[in-house]
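Worth saying up front: this structure is predicted, and the values here are computed from it rather than measured. Note on naming: letters A, B, ... go to the chains in the order of the sequence lines (proteins, then strands), and numbering restarts at 1 for each one.
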Number of protein chains: 2
Amino acid sequence: MSKIKENSTHQANKNSLGEICAEVYAINLLSGQWTLAICCHLFEGRLRFGELKKRIPQITERMLTLQLRKMEEDGLVTRTVYPEVPPRVEYELTESTHELKPIFQQLQAWGDRHKARL
Amino acid sequence: MSKIKENSTHQANKNSLGEICAEVYAINLLSGQWTLAICCHLFEGRLRFGELKKRIPQITERMLTLQLRKMEEDGLVTRTVYPEVPPRVEYELTESTHELKPIFQQLQAWGDRHKARL
DNA sequence: CCGTATCCACCATGATACTG
DNA sequence: CAGTATCATGGTGGATACGG
């Protein structure tokens with residue numbers, strides 16, 4: 001269990017900054033390679049595994065699984081399995097994650113402004 | 001030149017999301033392993049290379065150099081070399097980066113709330 | 001003091017094939 | 001449909017030593 005360990009990347013920030021720079025925690029959660037892609041699609045509503053795959057064509061099934069599992073572990077998404085045949089699994093953002101939307105929008109605005117200055 | 005290429009991580013998000021998820025651009029800039037640590041220390045003011053090193057004890061000189069170069073390339077910091085002996089180099093956040101501070105604070109608040117819910 | 005150069009290990013990701 | 005298993009790889013960062 002827990003092949004996906006604590007996300008080795010960025011650990012050092014936590015240690016080196018402690019309370020001074022706690023937003024590191026947030027960035028750590030969000031900086032998985034596909035995390036934001038998945039979030040963006042789930043902002044619109046719950047989606048099935050296959051639907052996510054269709055919307056993010058470059059992702060492999062393996063990576064989609066791994067990312068979703070990690071996000072579940074991190075409390076970013078909920079996973080609902082319907083005991084049907086054929087199997088159906090739906091993913092949905094948690095309340096917490098929905099609260100990120102306004103922050104994302106500001107970040108996007110900042111990114112646009114910053115890009116324009118370069 | 002340019003050993004530090006475009007930060008291979010997260011490229012796929014850009015491609016797969018395009019305009020839909022432009023905040024990926026911002027996260028990409030900020031998700032270097034030491035980027036946030038450096039930002040946090042520079043929020044207080046300009047610092048010399050050695051001062052940064054002292055404040056982030058775990059970082060190696062190599063990584064500090066690489067990160068600062070990348071951040072310079074990305075327009076996040078400015079690097080000022082004083083032609084003195086012994087050499088003196090100071091780093092400072094750009095205007096853009098200073099504008100991130102309120103967003104960081106919200107992110108930190110979100111992180112704290114989220115952590116508390118788990 | 002402020003870096004570069006070199007070597008190396010590991011982990012995250014990709015590709016492919018298979019399954020309940 | 002929604003995954004797992006397995007193998008391969010290369011990028012990213014650590015350690016160490018050296019240089020202007």
Side-chain angles (χ1 to χ4, degrees), chain A residues 1-16 28-38 46-74 77-92, chain B residues 1-16 28 31-38 46-73 77 79-92:
Chain A
M1 180 177 306
S2 98
K3 242 62 80 49
I4 311 167
K5 36 198 302 200
E6 260 222 63
N7 195 8
S8 62
T9 327
H10 300 129
Q11 287 306 309
N13 284 325
K14 254 181 221 169
N15 302 333
S16 62
N28 283 344
L29 291 189
L30 302 174
S31 53
Q33 177 162 22
W34 301 98
T35 312
L36 287 174
I38 295 170
R46 46 188 12 227
L47 287 175
R48 299 180 60 170
F49 185 85
E51 291 171 330
L52 275 171
K53 211 178 66 168
K54 241 178 296 178
R55 286 161 202 246
I56 312 174
Q58 300 92 333
I59 200 171
T60 60
E61 294 189 343
R62 173 193 148 86
M63 287 319 296
L64 184 52
T65 304
L66 288 177
Q67 277 294 308
L68 286 169
R69 290 289 195 278
K70 182 187 182 307
M71 290 171 73
E72 196 190 355
E73 225 184 293
D74 290 340
V77 302
T78 57
R79 179 170 179 269
T80 314
V81 183
Y82 296 88
E84 306 170 358
V85 178
R88 181 160 62 102
V89 180
E90 289 189 347
Y91 294 92
E92 187 178 18
Chain B
M1 175 182 309
S2 95
K3 240 64 78 49
I4 312 166
K5 34 196 305 197
E6 258 224 64
N7 197 9
S8 64
T9 328
H10 299 131
Q11 286 307 307
N13 284 325
K14 255 182 223 170
N15 302 333
S16 62
N28 282 345
S31 54
Q33 177 164 22
W34 302 99
T35 312
L36 288 174
I38 294 170
R46 45 188 12 227
L47 287 175
R48 301 182 57 171
F49 185 86
E51 291 171 330
L52 275 171
K53 212 178 66 170
K54 241 178 295 177
R55 285 161 203 246
I56 312 173
Q58 300 94 333
I59 201 172
T60 60
E61 293 190 345
R62 171 193 148 88
M63 290 318 297
L64 185 51
T65 303
L66 288 176
Q67 278 295 309
L68 286 169
R69 288 290 193 277
K70 181 185 183 309
M71 292 172 73
E72 196 190 353
E73 226 184 293
V77 303
R79 179 170 179 268
T80 315
V81 183
Y82 296 87
E84 305 172 357
V85 176
R88 181 160 63 104
V89 181
E90 289 190 346
Y91 294 92
E92 187 178 18

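Between the P atom of dA12(C) and the CG atom of N28(A) lies a distance of 13 Å, rounded to the nearest Å. Look at CD1 on I56(A): it is 14 Å from P on dT13(C), rounded to the nearest Å. Straight-line distance from the NZ atom of K53(B) to the P atom of dT4(C): 13 Å, rounded to whole Å. Atoms CH2 (W34(B)) and P (dT12(D)) sit 16 Å apart, rounded to a whole Å. Residue I59(A) contributes atom CD1, which lies 8 Å from atom P of dG14(C) at whole-angstrom precision. In this structure, E61(A) atom CD and dA15(C) atom P are separated by 13 Å, rounded to whole Å. Atom CD of E84(B) is separated from atom P of dC2(C) by 10 Å (rounded to the nearest Å). E90(B) has its CD atom 9 Å from the P atom of dC2(C), to the nearest Å.
Comparing dG13(D), dG20(C), dC1(C) by their closest approach to the side chain of Q33(B) singles out dG13(D). In the set dG14(C), dC1(C), dG14(D), dG14(D) carries the atom at the smallest distance from any side-chain atom of M63(B). Closest contact between the side chain of T65(A) and the listed nucleotides dG3(D), dG14(D), dC1(D) involves dG3(D). Comparing dG20(D), dT4(C), dG14(C) by their closest approach to the side chain of R69(B) singles out dT4(C).
Between E72(B) and Y91(B) the shortest side-chain heavy-atom distance does not fall below 4.5 Å. E90(A) places a side-chain heavy atom less than 4.5 Å from the side chain of R88(A). A heavy-atom distance below 4.5 Å is found between the side chains of L52(A) and L68(A).
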### Intermediate values then yes/no, side chain to side chain contact (heavy atoms under 4.5 Å, CB included), V81(B) and R79(B)
CA-CA 7 Å; V81(B) 183; R79(B) 179 170 179 268; 3.7 Å; yes
Give every pair of a protein N or O atom and an N or O atom of nucleotides 6-9 of chain C that lie under 3.5 Å apart, one pair per line with the distance.
{"unit_1": "dT6(C)", "atom_1": "O4", "unit_2": "R62(B)", "atom_2": "NH1", "d": "3.1"}

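Atom CG of residue N28(B) and atom CD of residue Q33(A) lie 9.5 Å apart, to the nearest 0.5 angstrom. Between the CD atom in E73(B) and the CZ atom in R69(B) there is a gap of 10.5 Å [rounded to 0.5 Å]. Taking CD of E51(B) as the reference point, atom CD1 of I56(B) lies at 12.0 Å (rounded to 0.5 Å). Rounding to the nearest 0.5 Å places CD1 of I38(B) at 5.5 Å from CD of Q67(B).
Note that the two end axes of the helix from dC1(C)-dG20(D) to dG20(C)-dC1(D) enclose an angle of 50°, each drawn from 5 base pairs, rounded to 10 degrees.
Residue R79(B) has a polar side-chain atom (N or O) positioned under 4.0 Å from OP1 or OP2 of dG3(C). Under 4.0 angstrom from either OP1 or OP2 of dC1(D) there lies no side-chain N or O belonging to R48(A).
Counting any heavy atom pair closer than 4.0 Å across all strands shown, Y91(B) reaches sugar-phosphate atoms only and no base atom.
Nearest-nucleotide mapping onto DNA chain C: of V89(B) and P87(A), the residue sitting toward the 5' end is V89(B). Ranked by how close their nearest DNA chain D nucleotide is to the 5' end, L68(A) and T60(B) are led by L68(A).
Nearest heavy-atom pair across L30(A) and T35(A) is O-CB, 3.6 Å.
Between the T65(B) side chain and the E61(B) main chain, a donor and an acceptor come within less than 3.5 Å of each other.
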